[in-house]
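Comments concern the structure below.
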Amino acid sequence: MCWRAVCSPVLSLTGYRGGFWGAGGIPGKRLKRKGRAFLSSGDSTGCGVGGLRRPPEATGLRYVASNKRATLINMSLENPFQDPLRFERRVPECAMVIFGANGDLTKRKLLPALYRLAYERRLDAGFAVLGISRTPLTDDQFREKMLASVKEFLEDSPFDDEVWNAFAQGIFYMAGDFDNAALYPALDARLKEIGAARHTGGNVLFYCSAQPSQYIPIAQGIAAANVGKGSGWRRIVIEKPFGHDLASAQKLSAELHSAFAEAEVYRIDHYLGKETVQNILALRFGNGIFEPLWNRRYVNHVQITAAESIGVEGRGSYYQEAGALRDMIQNHLSQVMATIAMEPSATFRPDAVRDERSKLLRSIRVMKPDEVLQNTVSGQYGPAHIGGQDVPGFRQETGVKPDTQTDTYAAVTFFVDNWRWAGVPFYVRSGKRLPKRVTEIAIQFNAAPLAIFNGDETTTAPNLLILRIQPEEGISLKFLSKRPGAGMKLRPVSMDFNYGSSFGERSPSAYETLLLDAIIGDATLYTRQDMVEASWTVVDAIQHVWDDTKFDFPNYAAGAWGPKAADDMLARRGHVWRQP
Amino acid sequence: MGAAGGTIAPDRILHDMADLWASLGKQGEGDAGVLRACSMTLVVAAEESDDAQAIGETLAALMPEHPSRAIVIRFHHGEQRELAARVFSQCWMPFGHRQQICCEQIEITASDASLPDLAPVVLPLTVPDLPVILWCRGARLFHLPAFAQLAAIAQKVVLDSAAFSDPAAALREMSEAAAAGRLLADLSWTRLTRWRELIAQIFENRAQLANLPLVSDILISHRAAAPPATAYYLAAWLVDGLAQVGAHARVQFQSDGGEPVWRLSRVELRAQGRPEAIASIALAEGAAAEVRTGGLINKALLPALTDYALMREELSIPGADPAFAHALAAAAKLALS
């Protein structure tokens, strides 16, 4: 550290005109010099008298703008008080800008998650939220609205007035139209003002909680006003859908890249934030006993199920444009499948893990048109009478066309063309109005090669490893055991690990995990452009055939486990769906 | 199940435990049965006068997160060698489940004189291949001559220096034991985690971190007349951290009275010539602490910690804790200086 011996730790700059070093420490960015700086003290290593000889990053220094001057901060100085054995993760200072601050996601998920992080003392004291939406509101009015939302939607957590009051001091609001170019210079000015008051170090996390159609105008506005660059780091989080096909996903990425480097784009997939999805990595790569079995030699097939018992719940018009294949399989379930099937990464660094996920997604066989209808099933629920109530079919839902061909159920047989998984079917299904809400992965192992015990079919039941993602996160291993008593009768037994009850701790919500990751700069659980494009490549091949096919919908009743064709698809390979 | 003649046989206890599991299995509904869970052996050494119900409740609360075979040894004064034991289980049923999860518990009553006999009894009762943690709940027990034999079974010994009458002497003794190779934990250090975490979080902010080398004074206010072990630990840890960034700070302790005596009430990091503290944390009434830094005031909840909360944290670190080891050595020096 150059200054420890000879420089002051905080050095004032004179002649500063603002925006001195534009890149804010982002690797690979070209530094832009707009003025001259003179230091009040220095040494021969670059913090020298008479001007700065090296860019701040080269000396481990960085400028943090405050009202009318910049403060030079030693970036190589390490916080000596960290204790990784006991403390949670290190969280840097930052401001978070929420586009769509009046929307449902902000109210139901983002603010409750941020409040909970504040309650858990996970956020910097100066952490700030700047909400933006069209509705004119004052800061105080927005705080009131957010207070009501947090109280309503906070789950498994007490509410504390004092913590809220301190947290709310960092909540700000500005009204604006995302299509209006004037919004973004105003946003930049507001961020500088907030940054100076709350010491956010110029670090900004943008969060697109707006309609997907507004992602591109937001990216364009940020790029045009150069708000994507600043004295600290800048990142943007976007929610799915990441396009509606490969071409639109590529266009969206291109627009985002006009303002942000790919490493600064965080495509959120809340499934990856779930504890059990993360636990898949721990199970596979933290233990020595599973990985040797994790291949085509021992695994017979894999079933991934994401079932919802509810219908479209008033989102009929949106869902009509998406469908189960696009809404679930292209993103959530393909990411889950990649986590299950990927190769071990050399390290647990974000890009190392994401490289392996991406490689796996690129190894999924892209179906030829004539293979699609043999290996996929599209379904749509019809009306039914469940629990004494009439349940409408999808076509009877509000906002849905009476002859819509949208899939509310999708089942796909995927194959992964690599040495580990060649020939192993991955059955993936997702649907609405199925009998229960459950998401799980079932890995069925090959049966014992020889049945030496007499008995019924249960004596040859294959081993199953079940990873439950929701509602009760946990892991079960099913195996055979001798029934007590005379004779050699076997019965299947289950060894259960329940995530909640085994650790007794409150699991953080997926949004708490993912927001903290984005603030910290850990993109492990976020989706990268190449991953999105790989999964769209697979899904587009199916969707194109489906678009050209007239299905005889509805083909399953609400409350059933999908169309019969889905059972037939597995039966062709001698398999049956598990009933979770 | 008491043992006759004032002695106990480990084999007999293990047999009783097997019977216990068999009976628990029979009680299970249908095929649900019970699930046995164990991640360590937790040996609790307590005085007979220690509240048995409170210990039981603490262990029951710990079990879901740290399922263990708990061996509770209750000592009473006595020159006759007397040992007795019984086994039972701690079970709970997670919400929404039909299956009970159970942990086994062994309770041994022993006279002080029988302490040398205990290690050979406890050793075979520990669960193979899993860590053994000894939680010593009294200063007197720690000072019993034969305590070292019992401690030798454990990978880690958890003490509470707040239970010692002289904090400085407690730190010295613990430091000596640690220097001799004993892996220790001190609940007084555990009580500091939230304070330390708040301080660490303040200096994650680069603007605040830049001020750290300017710190010249550390002020620690405590309730007791003399600084408790927590105050020494905090001071030692801060001094060490500041030294890493080139700051050599003076420590000032200040008593402001009140209860509980081991509790801290305020910590401030000051720079010479600056009227405002660079950072301060002050415990207000109730559970809220006021955190001031860089002109910002924040609130953090620091409710009083129960034995359960402290042990829950300590049991999650069954191995060495380098930060504590370092702080213990430094705190002992500071207390004796």
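The sequence lines fix the lettering, A, B, ..., with proteins before strands; numbering per chain opens at 1.
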Where [X] and [Y] come nearest, the two heavy atoms and their spacing:
X	Y	value
Glu93(A)	Ala207(B)	OE2-N, 4.5 Å
Leu296(B)	His199(A)	CD1-CD2, 3.9 Å
Pro322(B)	Leu85(A)	CD-CD2, 4.1 Å

Report yes if the side chains of [X] and [Y] come closer than 4.5 Å at any heavy-atom pair, otherwise no.
X	Y	result
Glu204(B)	Gln82(A)	yes
Pro80(A)	Leu209(B)	yes
Glu197(B)	Arg122(A)	yes

Select one option (side chain, backbone, both, neither) describing which atoms of [X] are under 4.5 Å from chain A's heavy atoms.
X	value
Leu198(B)	side chain
Thr190(B)	both
Ala289(B)	neither

Could you measure the distance from the [atom1] atom of [X] to the [atom2] atom of [Y]? Nearest 0.5 Å is fine.
X	Y	atom1	atom2	value
Asn79(A)	Arg206(B)	CG	CZ	8.5 Å
Ile199(B)	Asp83(A)	CD1	CG	12.0 Å
Phe203(B)	Asp124(A)	CZ	CG	11.5 Å
Ile317(B)	Arg86(A)	CD1	CZ	3.5 Å

### Message
Walk me through whether Glu78(A) and Gln244(B) qualify under side chain to side chain donor-acceptor pair (under 3.5 Å).
### Response
CA-CA 9 Å; Glu78(A) 275 292 315; Gln244(B) 288 178 45; over 6 Å; no

### Message
Is there a side-chain contact (heavy atoms from CB on, under 4.5 Å) between Gln201(B) and Arg90(A)? Walk through the geometry before answering.
### Response
CA-CA 7 Å; Gln201(B) 185 59 43; Arg90(A) 306 168 63 159; over 6 Å; no

### Task
May I ask you to decide if Gly126(A)'s main-chain N or O and Asn205(B)'s side chain share a donor-acceptor pair within less than 3.5 Å?
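No, Asn205(B) side chain to Gly126(A) backbone: no donor-acceptor pair under 3.5 Å.
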
### Query
Mind checking whether Phe87(A) and Trp237(B) have parallel, tilted or perpendicular rings, split at 30° and 60°?
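Ring orientation of Phe87(A) relative to Trp237(B): perpendicular.
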
### Task
Just give me the residue among Leu238(B), Thr293(B), Asp240(B) that pairs up with chain A most often, heavy atom to heavy atom, under 4.5 Å.
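Looking at each option in turn, the highest pair count goes to Leu238(B).
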
### Under 4.5 Å from a heavy atom of chain B, the part of Asp160(A) involved
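Only the side chain of Asp160(A) comes within 4.5 Å of chain B.
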
